[in-house]
Peer 1: 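Shown below is the structure under consideration.
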Amino acid sequence: MTSASGGTDMVDWNLAVATATRLARPGPQVSREEAREVVAELRRHALTAEDAVRDYTRMRAARLGGDGAAPVLVVDRPGWVRANVAGFRTVIRPLTRKLAARRAETPGGQVLGTLGEKLTGVEVGAVLALLSGKVLGQYETFAAAEPRAPRTPDSPAELFDQPRTAEQPGTPGRLLLVAPNIVQVERELDVDPHDFRLWVCLHEEAHRTQFSAVPWLRDHVQSEVQAFLGETDVEPIALLERLREALAPGERPAGSGSLLEVVQTPNQREILGRLTAVMSLLEGHADVVMDGVGPAVVPSVAEIREKFQRRRDKGAGRLDLMLRRLLGMDAKLRQYQDGAVFVRGVLDRIGMDGLNLVWTSPNTLPTKEEIHDPSAWVARVGRQSQPKPPDE
C-alpha cells in the first residue's frame with residue numbers, strides 16, 4: 001500500500017485510514033431504524049440551525065445546498081477519519097515537501113522514506129482513531145466540498161455519507177456531523193436527544209457561517225498554518241536538541257505542555273500566537289452563538305450546557321487527560337473559554353454589529369493579547385461602530 005502521491009506525501013494515507021478504522025472503538029448500539037431516524041433528524045436540524053444562526057449573527061453565508069455551499073455530511077467514525085485525511089493532506093503540504101526534499105538528498109533516503117511513510121501512517125492513524133470517538137461535529141475547512149454520494153438503505157454502512165480521502169478540486173469546505181458520537185454523548189449526559197442534536201448543529205453551523213460569510217478567512221488561516229509548518233526545522237539534530245532543552249528540569253517554559261509546543265522555533269511561536277488568537281475567536285464565537293440562539297429553539301439548552309461543560313472540564317479519566325495535554329487538546333478547551341469571554345465582552349460593549357467588524361480583514365482580527373482584553377480590541381477596531389456625535 002502506498003500513498004496516492006507516489007511517495008511525496010511522507011505519510012501513507014491509505015495505511016493511516018486503515019489503521020484508524022481498525023483501532024476506532026465501535027459506536028453505541030442502535031437499531032437500524034433508530035440509526036436511520038438519527039441521520040434524518042441531523043439533516044433537518046442542520047437546515048434549522050442555518051436560519052437561526054443567520055438571524056442571530058446577521059452574517060450572510062451561502063445557503064446549504066446552494067451553488068458553492070458546503071454540503072452536510074452525516075458520517076460514522078471511519079467516515080470522519082476519511083474526511084479529515086483529505087484536509088490534512090492539503091494543510092501539511094509545505095512540511096511534506098520539505099521532508100521529501102531532505103530525503104532526496106540523503107543516501108538511502110528513498111528506502112528509509114518508504115519505511116517512514118508507513119510508520120507515520122500508522123502513527124497518524126492511531127491519533128485519528130482516538131479523535132474519531134470524541135468529535136461531535138466539524139466544519140472541515142480545507143478539503144474540497146463534494147456532493148453526497150447515493151446511499152443504499154439495505155447496507156448499514158450506507159446509512160452514512162462516505163467522504164473521499166483524496167484531495168478534490170472545487171470549492172473547499174464541508175459540514176460533518178458524527179452521528180455515533182452525538183448519540184453516545186446525549187446518552188451519557190442523559191439529556192433530551194432531539195434538543196442535543198440541534199444544539200450540536202447550531203455550533204457547527206456557526207463555524208460554517210464564519211468561513212462561508214467571510215471569503216478571506218479560509219485562505220488566511222491556511223496561510224498561517226502553512227507558514228507555521230514551513231518554519232519546521234527538519235534537521236534531526238536541531239530538533240532533538242530543542243526537545244532536550246524543553247524537557248530538561250527547570251527549563252520548560254511556563255504554561256507549555258503539548259509535544260507541539262516544546263519543539264517550536266521562535267518564528268513558529270510568533271505565528272502560533274496569531275493562530276491561537278483567531279482559533280480562540282472562532283471557537284468562542286461558535287459557543288456564544290450556540291448559547292445565544294439556544295433558548296429560542298432548544299428548550300433544554302440550559303441543562304445541556306451545564307452538563308456538557310462539566311463533561312468538557314472533567315475529561316474521561318487520567319489517561320484521557322494525559323493524551324489531551326500531549327496532543328495540545330487542553331489548548332483547544334482554553335480556546336472555547338477565552339474566545340467566549342472575548343466575544344461576550346465585545347457584545348456587551350458594542351453589540352453584534354460592532355462585533356461583526358472583526359470579520360472585515362485580517363487586520364481587524366483580535367491579537368493574542370486582545371483575546372484576554374476585549375476593551376483593547378474595541379478601542380482599536382470596535383470604535384468604528386460607535387455613532388459619531390452630531391456636529392455643533
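Here the structure is a predicted model, which is why all the values come from computation and not from measurement.
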Peer 1: Side chains of D287 and Q337: do they bring a donor and an acceptor to under 3.5 Å?
Peer 2: no

Peer 1: Enter the distance from D373:CG to T367:OG1 here, rounded to the nearest 0.5 Å.
Peer 2: 8.5 Å

Peer 1: Which heavy atom of N181 sits nearest to which heavy atom of L136, and what is that distance?
Peer 2: O-CD2, 3.5 Å

Peer 1: Can you check whether E34's main-chain N or O pairs, donor with acceptor, with E37's side chain at less than 3.5 Å?
Peer 2: no

Peer 1: Going by heavy atoms in the side chains, are L128 and V81 under 4.5 Å from each other?
Peer 2: yes

Peer 1: Determine whether V221 and T141 satisfy the following criterion, side-chain contact (heavy atoms from CB on, under 4.5 Å), listing intermediate values before the conclusion.
Peer 2: CA-CA 10 Å; V221 172; T141 312; over 6 Å; no

Peer 1: Indicate whether any N or O donor in one side chain lies under 3.5 Å from an N or O acceptor in the other, for H207 and E283.
Peer 2: yes

Peer 1: What verdict does the side-chain contact (heavy atoms from CB on, under 4.5 Å) test give for W199 and D192, after you've listed the backbone C-alpha separation in whole Å, the side-chain angles of each residue and the deciding distance to 0.1 Å?
Peer 2: CA-CA 11 Å; W199 190 71; D192 182 282; over 6 Å; no

Peer 1: Checking side-chain contact (heavy atoms from CB on, under 4.5 Å) against V289, which of L202, V343, V53 comes through?
Peer 2: V53

Peer 1: Do the non-hydrogen side-chain atoms of P28 and P180 ever get within less than 4.5 Å of each other?
Peer 2: yes

Peer 1: Report yes or no: do D195 and S300 form a side-chain donor-acceptor pair below 3.5 Å?
Peer 2: yes

Peer 1: How about CZ on R187, more than 12 heavy atoms from neighbouring residues, nucleotides or ligands closer than 6.0 Å, or not?
Peer 2: yes

Peer 1: Taking H45 for the side chain and H194 for the main chain, is one N or O donor matched with an acceptor at less than 3.5 Å?
Peer 2: yes

Peer 1: Determine whether S280 and F342 make a side-chain contact, defined as any pair of heavy atoms from C-beta on separated by less than 4.5 Å.
Peer 2: no

Peer 1: Could you measure the distance from the CG atom of L198 to the NE2 atom of H203? Nearest 0.5 Å is fine.
Peer 2: 14.0 Å

Peer 1: Checking K368 against D338 for the salt bridge (Lys or Arg N to Asp or Glu O under 4.0 Å) test, could you report, in this order, the C-alpha distance in whole Å, the side-chain angles of both residues, the deciding distance, and whether it holds?
Peer 2: CA-CA 10 Å; K368 188 176 180 180; D338 296 343; over 6 Å; no

Peer 1: Please check if W359 and V381 belong to a single hydrophobic cluster, counting links between Ile, Leu, Val, Met, Phe, Trp and Tyr side chain heavy atoms closer than 4.5 Å.
Peer 2: yes

Peer 1: A side-chain contact here means heavy atoms from C-beta on lying under 4.5 Å apart; do R197 and P193 qualify?
Peer 2: yes

Peer 1: Using a 6.0 Å cut-off, check whether atom CD of Q29 has over 12 heavy atoms from anything other than its own residue.
Peer 2: no

Peer 1: Is the distance between the ring centroids of W377 and H372 under 6.0 Å?
Peer 2: no

Peer 1: Test T209 against R54 for side-chain contact (heavy atoms from CB on, under 4.5 Å), laying out the working first.
Peer 2: CA-CA 8 Å; T209 295; R54 173 181 283 242; over 6 Å; no

Peer 1: For E205 and T48: C-alpha separation, side-chain torsions, deciding distance, then whether side-chain contact (heavy atoms from CB on, under 4.5 Å) applies.
Peer 2: CA-CA 10 Å; E205 172 59 25; T48 300; over 6 Å; no

Peer 1: Please report the closest heavy-atom contact between Q138 and N84, naming both atoms and the distance.
Peer 2: NE2-OD1, 2.9 Å

Peer 1: Answer yes or no: is there a donor N or O on one side and an acceptor on the other, between the side chain of E303 and the main chain of V191, under 3.5 Å?
Peer 2: no

Peer 1: Taking NZ, NE, NH1 and NH2 as the nitrogens, is one of them in E204 or R208 under 4.0 Å from a carboxylate oxygen of the other?
Peer 2: no

Peer 1: Return yes if a side-chain donor-acceptor contact under 3.5 Å exists between R58 and N356, otherwise no.
Peer 2: no

Peer 1: Do the side chains of L23 and V178 join up, straight or via other hydrophobic residues, at under 4.5 Å, putting them in one cluster?
Peer 2: no

Peer 1: Locate the shortest heavy-atom distance separating L73 from R174; write the atom from each residue and the value.
Peer 2: CD1-CD, 3.8 Å

Peer 1: Considering only heavy atoms from C-beta outward, does the side chain of F196 approach that of V185 to under 4.5 Å?
Peer 2: yes

Peer 1: Search all heavy atoms of T360 against all heavy atoms of W216 and return the closest pair with its distance.
Peer 2: O-NE1, 3.3 Å

Peer 1: Donor-acceptor pair, K118 side chain versus L15 backbone, under 3.5 Å?
Peer 2: no

Peer 1: Any idea which heavy atoms bring G133 and R77 closest together, and the distance?
Peer 2: CA-NE, 3.8 Å

Peer 1: Can you find a heavy atom in the side chain of H285 that is under 4.5 Å from one in the side chain of M59?
Peer 2: yes

Peer 1: Would you mind telling me which of L177, L47, L175 makes a side-chain contact (heavy atoms from CB on, under 4.5 Å) with C201?
Peer 2: L177

Peer 1: Do V358 and L281 come within less than 4.5 Å of each other through their side chains, counting heavy atoms only?
Peer 2: yes

Peer 1: Evaluate the side-chain proximity of R36 to R32: yes if any heavy-atom separation is below 4.5 Å, no if none is.
Peer 2: yes

Peer 1: Of the non-hydrogen atoms in A35 and V30, which two are nearest, and what is the gap between them?
Peer 2: CB-CG2, 3.9 Å

